[in-house]
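Throughout, numbering of the chain's residues begins at 1 and tracks the sequence.
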Amino acid sequence: MKFLLPSINHDRLGFQKLIELNVAAAEVSFEDVEVDMSSVTWLDADMCAPLGAILYRLSAALNEIRLTGIRPDVEASLCRNGFLSHYGREKVPDRWGTTIPYQRFEVKDDRYFAKYIEDQFIHRHEMPRMSRGLQKKFRESVFEIFSNAVIHSRTRMGIFSCGQFFPKKHRLVFSVADLGIGIRENVRLAIGKEMAAYQAIVWATEGTNTTKKGKIPGGLGLKLLREFVTLNRGVLRIVSDAGYWELSGGQVKTALFPNPFPGTVVNIEIDTSDQHSYVLSSEISPQDIF
């Protein structure tokens, strides 16, 4: 069986194309599956996380996956970040240091994921300057995405992540994807509230809303990322079920896909040309103000 993959950007249309691939291959099992990439002139490397999740789901249905027709420049990029090493190619050294390697983590790999985001994302020299306190909170916010994928999504297929620094665009982009039940279903199960997929994402990113139980506060990770991205002039995108949510330029846009993504993706885009230094409000002393 053969599927044609088009070019993929980290935007609403790019996610729509991945959803279409997932829908087309949803019922396929015990097949030799060829993903023809001859039409792919560009693939934003951070989108390897949701693409890898979809292909892993295909392989879990006992299909043999082959990626064919890859153009040399695309192949070079996807060999540098290690994505194609999962499909028979050798990993190529990243001489420019622009990749955040593609990885799949088991749900029990929280310590490995913590080290991964520390080494590959948080401490990259391209990141805007942060105080130690904010850097710690930022790290916790990204880690909470992993925790949500483990606890709330109920995924059994692991968590997928990847990123890329685009020097000419001054953007650092990082994606985390899972193959779980999605935010809409999680909200329904936790608080008994029915809502559209994009409305569930809005609910999860606003105020003190959380589906966590007990005394430990939840839902703070996405709120901090939302605030930071707004100040940084970056972009935060969330795809879950059939919902699309994007924060850009301080404005939120939402949309509903015709079909669902089989899980949740959080995509963080940082403006690396930002020369501001960021601190937590709790770290500011009166001497710094007056």
Pairs where residues 12-30 contributes a residue and the test side-chain hydrogen bond (donor to acceptor under 3.5 Å, both in side chains) is met, not counting sequence neighbours: Gln16-Glu20, Asn22-Arg57

Over-ring placement of Lys115 relative to Tyr112, 6.0 Å and 45° cut-offs: no

Heavy-atom donor-acceptor pair, Ser240 side chain to Gly243 backbone, under 3.5 Å: no

Side chain Arg139, main chain Ile122, donor-acceptor under 3.5 Å: no

Aromatic contact, Tyr116 with Phe105 (centres under 6.0 Å): yes

Main-chain N/O of Leu58 paired to Asn63 side chain as donor or acceptor, under 3.5 Å: yes

Please output the side-chain donor-acceptor pairs of residues 95-102 that fall under 3.5 Å, not counting sequence neighbours, one pair per line with the distance.
residue : atom : partner : partner atom : Å
Thr98   : OG1  : Gln164  : NE2          : 3.1
Thr99   : OG1  : Asp94   : OD2          : 2.8

4.5 Å side-chain heavy-atom contact, Leu4 and Val35: no

Parallel, tilted or perpendicular, as decided by the 30° and 60° cut-offs, for the rings of Phe228 and Tyr278: perpendicular

Salt bridge flag under 4.0 Å for residues Arg237 and Glu269: yes

Non-neighbouring partners of Glu75 that pass side-chain contact (heavy atoms from CB on, under 4.5 Å), sequence neighbours left out: Ile70, Cys79, Leu84, Arg89

Main-chain N/O of Asp46 paired to Asp44 side chain as donor or acceptor, under 3.5 Å: no

By side-chain contact (heavy atoms from CB on, under 4.5 Å) - contacts of Ala196 (at least two apart): Tyr198, Gln199

Between side-chain atoms of residues 247-262 and protein atoms elsewhere (two or more places apart, or another chain), which donor-acceptor pairs fall under 3.5 Å?
none

side-chain contact (heavy atoms from CB on, under 4.5 Å) against Ser85, all qualifying residues, sequence neighbours excluded: Lys91

Lys/Arg-Asp/Glu bridge criterion (N-O < 4.0 Å) met for Lys223, Glu227: no

Common cluster, Leu172/Val176, ILVMFWY with side-chain heavy-atom separation under 4.5 Å: yes

